[in-house]
Each structure stands twice: as structure tokens, then as C-alpha cells.
Amino acid sequence: MYSSEITQASNFVKGVDTTFLITLGVSFFFLIFLTVLMLVFIYKYNRKRNPKATQIEGSTSLEIVWTVIPLLLTLLMFYYGWAAYKPMTKAPDNAMEITVYGRMWNFMFEYENGKRTDTLYLPKDKPVKLNLVAMDVLHSLYIPAFRVKQDMVPGKENNFMWFEPQKEGIFELYCAEYCGLQHSYMYSYVKVIEDSAFQSWMVDTTQVVAEALESPTATGRRIMQNIGCFACHTIDGNKLVGPTFKGIWGATHTVTTGREKREVEVDEEYIRRSIYDPNADVVEGFNRGLMLSYEGQLSDEDVENIIEYLKTLN
Ligand code: CUA
């Protein structure tokens, strides 16, 4: 059920589209008007018809006309833009809050009850406030179908966007600010469902039960998928921004620790350190400072599951 129609998917669609069409209309009018006027002048006042140039001293009424009309048109465009923008700056008090974490290079959504996903699930016809947290560099959350886009600025307080989804369906969501090599990986979906379905999804424990039944390796893989590991690390031996995970367990890596070069064996301690303090040991041939610590985002149990999964890649 993929909705490609982009009309009225949120409460802001109408205001933004009206502003866009008015601005486009004014621009289009002037494009045609000026082009035609230019062609008329070229024809009427060319050298053959007017061998002698005429000196025009100025016209006050003409000056007034071409000052007042553009002023009114500019104010018209401003008015619609402002009217559409103003309501975006204040979220209703009853809005459901979701925290969006953006990092190089994925989004993670955290709900009021602590549930985390990599796809944004939303109830239809309920105001939603997204609190935006940029963990490393500038990102920008963009949901074209809802006509909302907001920069995610590291350290900025009160960085949010809000809207009310008004249509069920699946819509695209992506990062609209170039944030490094794998910027294009910051691509996900918004899934808008009926409020009742959303409520049961929120408290759904089948997922928790399914997770408990999952093998640690499957859990490890899912965790890594959700937090975006595979944006930078492959499991097939190809080199991306970070080293591949293929055959990593027990392998010997040449790393730079501080200024010293040394050989380390990949064991639990090394993997744990690479996740919590990624720049402590930098593998030869890769750059320092590209990975951010996952401290506070992953529990010890999560890391254990990740280690179990990595062991299977040999
Ligand atoms: Cu994040 Cu581009």
C-alpha cells in the first residue's frame, strides 16, 4: 500500500501548496510578460525602424506603477508564506511526542514508552511533535508528503517539528542536508495507520516476545540494522567508510592507538571498545572521527547480541 499521491497528507499541505502556487503564478506571469515585452521592443525599436535614438527623460507615473505593483505582489506572497509558516512554529500541547535521533547515517525514532524503530509509525488525525536530536553533524528531516522540513542542529534546544497526518499510507522520509559520504542512506518511511491500530502497535508485546524467542545472532543483526551499522560496514568483504565485518572474529587488525601502531586480536573486549569508544583504536586504512560512540544507546545485552552475530560472519 504505497501512496504516491501527495495531496492533503497533513494539515500543512494546503498552506504550503497555496503559497507555492501563488509564488509560481507571479513568477510565471512576469516571465511571460517580460519576454513578450522584450520581443515587442526588439521588433518595434530595431535600428531599421528607428535609425535615430530617442532620449526619454523619465515618467513619475510609470515609476509609481512599477514600484507599487511589485510591492503589493511581494506582500501578497509574504502574507501567504507567513500564514502557512506561523502555525508550524507552535506545537499543540496535546501532541504526541516522539524523539528523532539523527546520526551519520541513519534515523532512529523513540516513542513515549521507550519503543524504538527505524520506520516512523504514526496515528492518523492526531497531532505529533517530533523532537529532533542531531548527534554528530547537521541533518535535516524532510517528509515531502507532509510539506515539512526542519534542520537538525547538534546541541540546539527546542529543535522540533510538528504536524497532523491526515491520510493513511506509507510516505517517504529523508535527510535533506548533505551530511557526509553516506548521506543518501538516511532514507526511511513514515507509516500512517488508524489510531486504534497505532495504539495496539505501540503496546504490542508480540514483538518483544518474538525478540525473546529470537536467537542472539538474529537479535544482534536486527539491532545493528536498526542503529544503522550497515551504512558504513559491510558483511560481504567490501570496504565502505569502515572496515567490513566479514571474518572479523578472531582476526588480527593493525590499528593506531593514540600515535602507536599495534596489532590487536578481535575479541569481545576489542569489539566492545570499538562500539563505545570507536576512535580509541583506528584500523589501518580508515579515518579517525567518522564513528560516534554508541554509549547510552546500546545496553550491554545489545552489545553481547551484536558480538554473537559478528562471530557468525567467519
Ligand atoms: Cu543526514 Cu544527510
Side-chain angles (χ1 to χ4, degrees), residues 2 4 6 9-10 12 16 20 85 88-89 91 97-111 115-122 128-163 165 170-192 221-235 238-245 274-279 282 286-298 302 306:
Y2 182 86
S4 58
I6 40 174
S10 91
F12 292 132
V16 172
F20 176 76
Y85 172 73
M88 293 179 178
T89 60
E97 300 206 20
I98 297 171
T99 308
V100 181
Y101 294 95
R103 61 190 295 158
M104 294 188 278
W105 286 281
N106 82 316
F107 289 114
M108 187 178 75
F109 307 100
E110 191 177 82
Y111 300 82
K115 191 164 185 163
R116 291 170 167 184
T117 56
D118 60 352
T119 302
L120 181 59
Y121 283 79
L122 296 174
V128 179
K129 182 181 178 190
L130 302 180
N131 294 308
L132 310 176
V133 182
M135 304 187 65
D136 36 35
V137 297
L138 282 178
H139 300 279
S140 181
L141 184 62
Y142 183 30
I143 310 173
F146 295 170
R147 306 290 191 275
V148 288
K149 179 162 117 185
Q150 184 67 51
D151 278 5
M152 300 173 72
V153 184
K156 187 182 174 190
E157 273 174 44
N158 211 16
N159 198 179
F160 76 94
M161 69 157 70
W162 85 273
F163 52 81
I170 298 173
F171 307 96
E172 290 166 311
L173 168 156
Y174 40 96
C175 179
E177 182 86 47
Y178 183 70
C179 53
L181 267 188
Q182 316 282 62
H183 157 70
S184 60
Y185 277 50
M186 296 189 73
Y187 183 91
S188 187
Y189 292 96
V190 184
K191 210 170 170 181
V192 180
R221 193 190 149 75
R222 182 176 42 74
I223 292 168
M224 293 175 80
Q225 187 82 50
N226 281 348
I227 60 173
C229 299
F230 302 122
C232 306
H233 304 273
T234 68
I235 56 168
N238 279 318
K239 182 180 162 174
L240 291 180
V241 182
T244 182
F245 289 142
S274 301
I275 292 170
Y276 288 142
D277 190 4
N279 296 303
V282 180
F286 295 92
N287 289 318
R288 188 181 292 274
L290 280 177
M291 184 172 156
L292 213 70
S293 170
Y294 278 84
E295 189 110 52
Q297 287 213 296
L298 292 172
D302 290 339
I306 288 174

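Remember, it's 1-based here, ligands and their atoms both numbered in the order they're listed. As a basis for the values below, the full set of heavy atoms in this structure was taken, side chains included, without hydrogen atoms, waters or symmetry mates.
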| Atom name in His183, limited to N/O/S, at shortest distance from atom 2 (Cu) of ligand 1 | ND1
| field | Atom name of the N, O or S atom in Glu177 that lies nearest to atom 2 (Cu) of ligand 1 | value | O
| task | Nearest 10° is fine: what angle sits at atom 1 (Cu) of ligand 1 between SG from Cys175 and SG from Cys179? | result | 120°
| Is the closest side-chain donor-acceptor distance between Ser140 and Asp151 under 3.5 Å? |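 Result is yes, a qualifying pair exists.
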| request: Taking both backbone and side-chain atoms into account, decide whether Met152 has an N/O/S atom under 2.8 Å from atom 1 (Cu) of ligand 1. | output: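 For Met152, the answer is no, given that no N, O or S atom comes within less than 2.8 Å of atom 1 (Cu) of ligand 1.
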| message | Which residue is it: Glu110, Met152, Met161? I am looking for the one with a side-chain contact (heavy atoms from CB on, under 4.5 Å) to Val100. | response |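 Passing option: Met152.
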| Are Arg147 and Phe163 in a cation-pi setup, meaning NZ or CZ lies under 6.0 angstrom from the ring centre and within 45 degrees of the ring axis? |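 The answer is no, since Arg147 fails at least one limit relative to Phe163.
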| request: Keeping the roles fixed (side chain from His139, backbone from Glu177), state whether a donor-acceptor pair exists under 3.5 Å. | output: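 The answer is no, because no donor-acceptor pair under 3.5 Å joins these two groups.
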| query | Is there a side-chain contact (heavy atoms from CB on, under 4.5 Å) between Cys232 and Met291 once you walk through the steps? | reply | CA-CA 9 Å; Cys232 306; Met291 184 172 156; over 6 Å; no
| task | Measuring from atom 1 (Cu) of ligand 1, name the closest N, O or S atom belonging to His139. | result | ND1
